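Comments concern the structure below.
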Amino acid sequence: MSNVDLTVEICGMSGDGTIAAGGFLNAAVAKAGFSVMAFDSYPAEIRGFGRCVTRCRIGDEEMLALSDKTHVLISLDDEQSQSRLSGLAESATVIFDNKPPSMVPEGASLAAHVEAGTNLVGIPFRDLAAQAAGSTRGRNIVALGGFAALFEMPPEYFHEVITKKFQAKGASILEGNLRCFDAGYNYSKEKYADRIADTLSSENGNGNPDRILQSGNIAIGEGAIDAGVRLYFGYPITPATPIMEYLAKALPEKGGKLLQMEDEISSIGAVLGSFYAGTRAMTATSGPGFALMTELITHGVMAEIPAVIINTQRGGPATGLPTKTEQSDLQAAVWGGPGDSARIVLAAANVPECYTYTIKCFQLAEKYQTPVIVLTDFFLNNRVETMAPISISEEEKADWNIYPDKEDQNNFHRYRITESGISPRPKPGMEGYSYTATGLEHSEKGGPDYTPENHMAMNSKRHRKIEGALNDMPVPEEYFVEDNLDLGVISWGSTFGAALEAVQKARSNGIKVGALKIASIYPFHADLIRSFMEKCGNILIPELNYEGQLAGLIGHLYDKDVIKLNQTTGVPIYPVEIYQKINEIMSR
Amino acid sequence: MSNVDLTVEICGMSGDGTIAAGGFLNAAVAKAGFSVMAFDSYPAEIRGFGRCVTRCRIGDEEMLALSDKTHVLISLDDEQSQSRLSGLAESATVIFDNKPPSMVPEGASLAAHVEAGTNLVGIPFRDLAAQAAGSTRGRNIVALGGFAALFEMPPEYFHEVITKKFQAKGASILEGNLRCFDAGYNYSKEKYADRIADTLSSENGNGNPDRILQSGNIAIGEGAIDAGVRLYFGYPITPATPIMEYLAKALPEKGGKLLQMEDEISSIGAVLGSFYAGTRAMTATSGPGFALMTELITHGVMAEIPAVIINTQRGGPATGLPTKTEQSDLQAAVWGGPGDSARIVLAAANVPECYTYTIKCFQLAEKYQTPVIVLTDFFLNNRVETMAPISISEEEKADWNIYPDKEDQNNFHRYRITESGISPRPKPGMEGYSYTATGLEHSEKGGPDYTPENHMAMNSKRHRKIEGALNDMPVPEEYFVEDNLDLGVISWGSTFGAALEAVQKARSNGIKVGALKIASIYPFHADLIRSFMEKCGNILIPELNYEGQLAGLIGHLYDKDVIKLNQTTGVPIYPVEIYQKINEIMSR
Amino acid sequence: MKTSGKVLAAQVAKIKDSDVFSIRSENLPTWCPGCGYFGIHQGINNAIQRMNIPHHKVVTVSGIGCAGRYSFFANTYGLHTVHGRTLPVSTGVKLANPELTVFAVGGDGDGLAIGGAHLPHIARRDINVNYILFDNSIYGLTKGQPSPSSPPGFTTKVSPAGSTEQPLNATLLALSYGATFVARLFAGDPEGITAALIEGIKHPGFAFFHVYTSCVTFDKQFKTWDHLKKWVHPLPENYDSSNHAQSIAHVLEDDYSMGILYRKQDS
Amino acid sequence: MKTSGKVLAAQVAKIKDSDVFSIRSENLPTWCPGCGYFGIHQGINNAIQRMNIPHHKVVTVSGIGCAGRYSFFANTYGLHTVHGRTLPVSTGVKLANPELTVFAVGGDGDGLAIGGAHLPHIARRDINVNYILFDNSIYGLTKGQPSPSSPPGFTTKVSPAGSTEQPLNATLLALSYGATFVARLFAGDPEGITAALIEGIKHPGFAFFHVYTSCVTFDKQFKTWDHLKKWVHPLPENYDSSNHAQSIAHVLEDDYSMGILYRKQDS
Ligand SMILES: Cc1ncc(C[n+]2csc(CCOP(=O)(O)OP(=O)(O)O)c2C)c(N)n1
Ligand SMILES: Cc1ncc(C[n+]2csc(CCOP(=O)(O)OP(=O)(O)O)c2C)c(N)n1
Ligand code: SF4
Ligand code: SF4
Ligand SMILES: [Mg+2]
Ligand SMILES: [Mg+2]
């Protein structure tokens, strides 16, 4: 495995600049040519006060997941940080303020609570900040300086990101912050000269300094823009709101428009209206809003109107755990709404897929004339990771609408029954094709028609279309597949990264295990999945839901019972948890 | 099989009194001691004009399904009836007006279209009616008279039902109708004396004249009243509206109240509010309305508030086929809504179950503190069938709420984690137990709590509860089970009756086939279903949906692929269709 | 305003023969004979024709209900959406292609009950959609239940002892929501409908048309032709349609004045 | 009406010490310091206490949002329902047990956006529920988006160039819907809230309380304490709260008069 694999955690109270410090750290190490995966956790919904934590895993190879153990804890608030000590790796480094404010209760210093063997690094964050910039506000930057020196990270990367952030605020603020950084840097360098490790020196990076640091949310927003979306209709909901925030800025620059609608029903309604009229539009929501959309989603199925819906999953049921991650809307995404209403459901597993699938789903929606749902989750949306910039070809964003020919013009049959199930669809404004799109069962011309033969034929048409979509959908990705695997791990969404890392580790210990990533949730590649399963002595499906929802959907393809690993902690699963399960299964 | 098995169809235009005639027929043959299953089809939604058909199957044993073949066609409009001729059994009887009004187009008389061998019975409906009552309006009654004489049905049963219907309208109307009946009766008796069969003479009945004729809709309404429901909140939708109509009359008589709400969201919201406050309430809807309810249904799951929702399925997706029958909301009933939100789903297969399950579900909802969904369908709701009156014991309608003890009063933990998952639930007004029911994940006391341990524990609590509910839910009913069946037929809802009849017929032909009826859709009795499946060389699951939704839910329990028979014609499946499939499978 | 039953019957015939059915003549109206919707249909057709709007540049978005069926009968592009959602769907259509003339059409149940959350917001946003509310004060398609605009005492199968709720006044609501163009019309007066529609279509923002009509099949009690014809009357001679507060005051006093009640001047 | 920032801080302290938390003291308010909701909380508590309503006979139904959190902090039975559905849920609670005093509580997003279809209908039905709309003209819990009552020009992360929609006036809407008791109140005046609540709770039908408040965390632009305190004022001396049309006329002219605006006399 990789040579560099360092997890840094910064912990403080809101107001301490924890999340901001994390942002600088992520950006700087990315610039230094390392891979990063980072994820913040906020003080849930209680306003004003609460613990903020940002976790950043740094490595020289692609990061697949967060790791369970923290190698470096930077404490901006010792009381809050105490609860984080249990997550420390052996001989971890703890960087803390050794001259805390006088009102801190006795015994609150972290120093009193760490295990023996911990590398305790005291730096007077506040004092140094006050000296450098005249206020303690820059203490988070001081801490970063101290950190950089300890791991021999070149200060210029931090200088660069700090400059980028503060230059608009004027020279004095910018310089103050730079001085804070240097103060921490120099303090560490002098005081802890003997403890310096070269972990993050330039030569240890992966040499890809042009990779970008991206979150799932922004990747989705950029994907939408690059796909040529011109309308966004949405209703705020955690964790989908940042997509809306991004597009609120980006759309007007492209001549587009964002409307904050009155609810999720109207959001999907407007998306359908927009696609009906020939313009790419989208909405993003989470479970509760998605439930409200299901009636209209099936209208899209029946009337054959495209739509794009991002469901950024969070903990459920109901309002649930709005700020926690979960993968428990899979079955609802596939089945929600009345009738035999098959639609397309995709799941993104990482930030690049957030981007590419967002683009892909517009073409799928257009060609197959159906709502397409992309499942992501709180973790995937809010984490940042380094990725190679992706450039999308014209082809990949091309209009996939299928318009009627001149010859269809007389006696136009909007819902003509074809082998593929696809029938040409005009835009209003095109002369000679006017028709009524309807959620009632209808004849080929579009009028209501409830005769048995017609409903059978139309049901079959609609389902043929969805089955055909598999041709354009991402096939399951196999990893380490060979005949007679002892175990196959199948996973989806943001859990897959952790699964793959666990599989890698198990293989390096000699276990014959392979992995399969499923991105096409519905329709799914039953044959390919079955043929993978057939090679495996056991199948393990880890997912972040209680019921085993993917297992419920595809489990019947395996001729034994699949083994499930279901976790609903609200936090991302760590590779080690899946690794342990693999070992447990292998030692049965 | 039975000795008497006669399917009578009456067909006319709206305005001909077709449905009314069907009502008289059903009631009279039931009074004569026969079993009846009857189902009307209306002119869909097009107002004013259209074909009305009522089909009535009459037998001396319990009727499980409609039959595909018509033995007697009574035509009140020959043009409309032509399309029905293809459904006639061999040597069927066709009763028609042999002196139609003069403006009927030439060649429209049914006589010109029937197959050779048909028993053509011409009766001058209009003329006789005009003579008997001074207007042609009573022509439908004349036709019934003609029918009764032909099959030797004693006229007093018809006299009785006609009297019951018309006596409030005054002597002259009543007598006119009675005279119409007698005119038809005497005409047939004289003119067709040689064709009279004693099929429906009194001695052929099943001797159960006190059985009642009931529709699924009224059975649900009566079940609700007998269960002590005091509040109904609903929004009109086909085919659920008749339940609302029934309760609009019945509830006020019991001191209850019906509110027509502004939509389905508010309907389920009010039902939850009512149960929260300790009063049994319910709503009924169909697929589109159900979709809108799913967010709040999962709120009931999370906050552990009972609710009762009847989903009277119709054709989908979306607005679909509002006046057609289908079983395509099963997956949506089980999975709709965000999160791991297991709830109880039952399906009624016949009219008596509409009654008993409606009662049962209140106790389930109360004890397990969760929404309970009862699936029915257009066919089941609107058909009438003869059934023995059911008397429900006090026990069966008893309050199953579990209230807290005195000792819980201090430091009340509303969501205390128990082995069964059930925690006592107070009614507002009880002192010392105030708590907040919430759709957020919560601690045992009810405050928001998103910690990993808590969410895991609460998910597990909620699911333990639902699994435990199986103890109080209807077990799968086995029919003709023995070891080494060649085939097992598993079905649910209104399709089961047809499946069972097909199985009976196949067995009488020596095929080793058994049947299993599944009423508990979720949770389901996996062990019992699996042990049935294990006895079967093949499993056939017929259902009225395209996707094979029950098969999708339970198919993984079988170690081979289950065979599916999916029909989405909008009309009930006939036993013969399942019978043919059985034969096809057996001859593979 | 003196449209008698016979005239209406003639209108039904007229609409059936009208050239607007040339393309999609398979979709003749399936409303009950005598239904007020024929008159509204004719009013809309006339407006489109007199304004010379090409039919393929018109989109009719309709909800569910007898009124909702209108999009099958209109000789335009149609979108027959689910119950209550005409306004958000229309918003999408209009923003997607502002060159289209967009009609949203639905019943009183569609618009004031299940869809009641949407009217305020399309009005606030002032989206250039023409919303025609077919208000028969009843649920027609589901066979006669009280609607939010039914008067109390309405006896139906779901209100056998008479309904008890107070009615909502859609005109007043639209004004309260800040709609920039509000007209009240009568299905028995297609010419009046046409005239108001022509103004409303020209209006650059949201235009609301509250049309009183009769369900001849299920309402024998309140909104019958006889009653409506007795009740409706033109706006007062000196009526000033530019004053918002006065329009509201007027509507509070007079439920049956017909015409353009309010038109925001600078919008 | 002269509540200064300091007074508010004192009120926060007061509410925290108040005996109403004796039973469920684990649920101290988690609102931001300075949030106007503390004042509303106190106003409600006082009304319950002064009317001597036993706390276990009160049910507080709340929606989702910072306002929605109130049902955790109230020392009553609580039902924290989903976003926008307080009114139908309250209807169920009240009809199920008319002996309960029922409060419905939610924000302006909860009540005027996603839940906008419900206010007209609880008003028409005149269900005896007390609905307190915490109107801060912003979505607080989701970190500051414009709400249906936000003035145009509101700059937020989802409206970086300023919002463009016209605001809805909840008081006007309630009056237009036929609510039989309508009051407008200010979070900075808990005593005023208490006084109106006591009247509204006694009112035998639906009572609507439109409370103006400030989100100190996310709105620095419009509905700040400074602005609100400048703007609010009592109703005119001679104000007649029994005249429906006049109430509407008044509300159209004056957005910031506080007090009981309308009370139907015979209901
Ligand atoms: C979600 C949903 N709920 C209920 C229905 C059933 N439904 C169809 S039309 C209608 C109301 C019709 O009344 P209105 O909107 O006034 O139209 P009208 O028939 O009077 O023209 C209802 C309740 C439906 N189609 N969808
Ligand atoms: C169905 C659904 N959509 C969206 C959300 C996200 N959400 C939570 S609170 C809220 C709005 C809060 O604003 P408001 O109602 O004004 O309450 P405030 O926070 O201002 O008190 C939203 C959109 C949700 N919980 N459920
Ligand atoms: S039922 Fe009423 S509204 Fe519907 S078409 Fe007939 S008359 Fe018109
Ligand atoms: S975010 Fe605004 S509304 Fe919410 S608690 Fe804080 S100040 Fe109050
Ligand atoms: Mg209507
Ligand atoms: Mg708010």
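Letters A, B, ... mirror the listed sequences (proteins, then strands); counts begin at 1. Just so it is clear, the model here is predicted, and its values are computed rather than measured.
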Identify which of A/M261, A/R230, A/K257 forms the greatest number of heavy-atom pairs closer than 4.5 Å to chain C.
A/M261
Just verifying a value: how many Å separate C/H121 NE2 and A/Q260 CD, rounded to the nearest 0.5 Å?
10.0 Å
Can you confirm whether A/K367 is buried at NZ, in the sense that more than 12 heavy atoms of other residues, nucleotides or ligands lie under 6.0 Å from that atom?
yes
Any salt bridge between C/R125 and A/E262, counting N to O under 4.0 Å?
yes
Using only atom types and a distance under 3.5 Å, with no angle test, would you say the side chain of A/T279 pairs donor to acceptor with the backbone of C/A96?
yes
If you look at every heavy atom in A/F233 and C/G92, which pair is closest and at what distance?
CZ-CA, 4.0 Å
Taking C-beta and beyond as the side chain, do A/P426 and C/H56 meet within less than 4.5 Å on heavy atoms?
no
In terms of heavy-atom proximity below 4.5 Å to chain C, should A/F275 be classed as side chain, backbone, both, or neither?
neither
Is the closest side-chain heavy-atom distance between C/R85 and A/I268 below 4.5 Å?
no
Minimum heavy-atom distance C/G78-A/Y276, with the two atoms named
O-OH, 2.9 Å
With a 4.5 angstrom heavy-atom cut-off, is it the side chain or the backbone of C/V59 that approaches chain A, or both, or neither?
side chain
A/L259 and C/T91, any side-chain heavy atoms less than 4.5 Å apart:
yes
Does a sphere of radius 6.0 Å around CD in A/E431 hold more than 12 heavy atoms from other residues, nucleotides or ligands, not counting ones at 6.0 Å or beyond?
no
Is the side chain of A/T436 donor-acceptor paired with the backbone N or O of C/L79 at a distance under 3.5 Å, no angle test?
no
Distance from A/K445 atom NZ to C/F72 atom CZ, nearest 0.5 Å?
13.5 Å
Under 3.5 Å, side chain of C/Y77 to main-chain N/O of A/A437, donor-acceptor pair present?
no
Please state whether the side chain, the backbone, both or neither of A/N411 comes within less than 4.5 Å of a heavy atom of chain C.
neither
Run the numbers on A/L440 and C/R69 for side-chain contact (heavy atoms from CB on, under 4.5 Å), then give the verdict.
CA-CA 10 Å; A/L440 290 174; C/R69 288 298 171 104; 3.4 Å; yes
Close contacts, residues 293-309 of chain A versus chain C, judged by heavy atoms under 4.5 Å
A/E295, A/L296, A/H299, A/I305
How close do C/L100 and A/A277 get, heavy atom to heavy atom, and via which atoms?
CD1-CB, 4.3 Å
If I compare all heavy atoms of C/V93 with all of A/G273, which pair ends up nearest, and what's the gap?
CG2-O, 3.3 Å
